[in-house]
Amino acid sequence: MTPGGALPDHLRVHGLTKVFAGGVRANDGITFDLAGGQTVGILGPNGAGKSTLLRQIVGLARPTAGGIELRGRSVTPRARWLREQVAYLPQHPLALLDLTVFEAVWTTAALRGHAPRSARARALEVLEALGLTDLRDRLVANLSGGEHRLVTIAAAVVAPTPLMALDEPSNELDPLMRRRVWALIGGLRHPERLILLVSHNVLEAEAAVDRVLILHRGRVFAEGTPGALRRERGSGVWLEIRYTGGPELLGHTGAAAGADGQDVHRLRWWLPRPEAERRLAALLDDGHRRRLLDINLREPTLEELYLSYRDEMETADARRAAGGGSR
Amino acid sequence: MTAAPARAPLAVMAPLLARLQIAGLRRHWRPYVIVSAVMPAGIVLMLRLVAPDIARAEQVQVVVGAMLLAEAISTIVMLSQQTAWLRQSHALDHYLVLPISAPLYLTVTFVCYTVFAWPGVACIMVEGAVLYGLPLHLGALMVPILLLAGVAMGGIGALIGLLSPREGLAGLFGNLVMMGVLFAGLVPMSAAPAWASWAVRLLPSGSGMSLLRQATLGGAAPWSDWLGLAVYAAVALAAAVWALQRPE
């Protein structure tokens, strides 16, 4: 155990492969070990095998090869002990369409072992956190797409388990709903819990994740903390400025940003940090300072890191296609 | 946020699961309660009009067969379609990741769908008494017979829904099996070839027909029929549990 009570090998996945009928290979030898007490973002393009990986981990899909261990026990699909250890948010609609919002969440908590009073309190707490209190007596079937998604999320997280697998939690949600969902997911953190998070919304997921797994064609393409991935991609930073006056600045021409009829331009450089600092100093020289509206010196976001990996993936695919090789 | 106790006791789980199924009546009570009654009741009336002089044994068979047909419409046709939708849409995943007992979940589901048909069953009994003057008894034995027959037919319905590659096919197969129950229940086996009476035994309604006939007439049913129906229900339930827990 780590000092915080987390198991260092909370989840171990070894050579995990899934080939569906018809020969479609969703996962191809995925291997990783994850400690508890963290939130791990699983990223990748459509068809990378993210959802299949989650479905295998929670016991809904049987691996074709390889194995999974959760807290030291080998995962067998549909095993009772496994269902006590995992909660799963699928991308699909909730089965409980004929229940009211409160009943759907309360019943799920009770079926997960909460006593009736405790299940009721937990359900009300989660509904409040997701802004669903006013909808508590509405039938799930009569909700809008976003509200339905929120109820599915509420049912998935109402009784937190040592492993929580959340597939696209912010899909179909408006910005306020998304903010509530990310806050709720943040509140699930626990030293003995591992949260796996599949999301296409990398920008929003960045605040929630401690570690990232990038999948491509059913394999782990990159893995690490966002900081480690940044270091791996080089020590560059973004220097972004907005300025007024003519388009020329430091010998560069800015793209017109046009605001309020002003002659506003924008420039953006990807530079090694020392060079960015030198250029920033030059910009702050008296000759330019009066023209500057905004200055932003920052590390790449997780989304930008991810997109740089996407470029690499596409290059690898193009090379593979040119070579005529299969996967 | 602390971890929840992981498993609910069976005594708590069963009423919760029943509540989930009964909630289906909120939006679908018409098909569950009325449709399952109308077709069998209509068939009894039609047979009374086209063949008013059939023998007493055949009259009993028609009424009892219609009662089981009402259950078959609910437990085979409707349950197979509902289960197929749950499977195809992946909505079933919600249940599959909860720490609930699969046999309990299915048994509760089958019992609920059986009970949905009971208003229709009662109507058909009354109809039989009115149209044919049959002395039909509402014996306590009818409850276990109808429940066992419902579980047996529910097992078939769930199996069809869980194994069908498409929802439409589940509807087709469910209707075909329901047609078998219809013919087996309403066509006198004395007039049918020997192979047909064996085929009837393969249907979940076979032993149920015999038991229900005896129960409604106040007679004693042979133990072999009880055993046959119980074994059928157990095997159908086990097969449905296997199909439910079968991973992708």
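Note that the structure is a prediction, hence the values are computed from the model and not measured. Chain A is the first sequence line, chain B the second, and so forth, proteins listed ahead of strands; every chain is numbered from 1.
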I'd like to know whether CZ of B/Arg26 has more than 12 heavy-atom contacts from other residues, nucleotides or ligands below 6.0 angstrom. yes
For residues B/Asp93 and A/His92, report the shortest heavy-atom separation together with the two atoms involved. OD2-CD2, 4.0 Å
For residues A/Arg112 and B/Leu98, determine if any side-chain heavy atom of one lies less than 4.5 Å from a side-chain heavy atom of the other. yes
Could you tell me which non-hydrogen atom of A/Glu84 sits nearest to which non-hydrogen atom of B/Pro99, and how far apart they are? CG-CB, 3.6 Å
Top residue by heavy-atom pair count (under 4.5 Å) with chain B, among A/Val58, A/Leu96, A/Leu139, A/Val86? A/Leu96
Decide yes or no for A/Arg78 and B/Leu244: does some side-chain heavy atom of the first lie under 4.5 Å from some side-chain heavy atom of the second? no
Winner by heavy-atom pair count (cut-off under 4.5 Å) against chain B, out of A/Gly59, A/Ala95, A/Ala87: A/Ala95
Name the one of A/Thr152, A/Leu89, A/Leu94 that satisfies side-chain contact (heavy atoms from CB on, under 4.5 Å) with B/His94? A/Leu94
Pick one of side chain, backbone, both or neither for B/Leu96, based on which atoms fall under 4.5 Å of a heavy atom in chain A. both
Under 4.5 Å from a heavy atom of chain B, the part of A/Glu103 involved: side chain
Quick one: does A/Arg62's side chain have a donor or acceptor within less than 3.5 Å of a partner on B/Pro247's backbone? no
Give the member of A/Pro90, A/Ala110, A/Ala79, A/Ala21 that has the highest number of heavy-atom pairs under 4.5 Å with chain B. A/Ala110
Where A/Leu97 and B/Arg27 come nearest, the two heavy atoms and their spacing: CB-NH2, 3.7 Å
Please say which of A/Thr108, A/Asp98, A/Leu111 ends up in a side-chain contact (heavy atoms from CB on, under 4.5 Å) with B/Leu20. A/Leu111
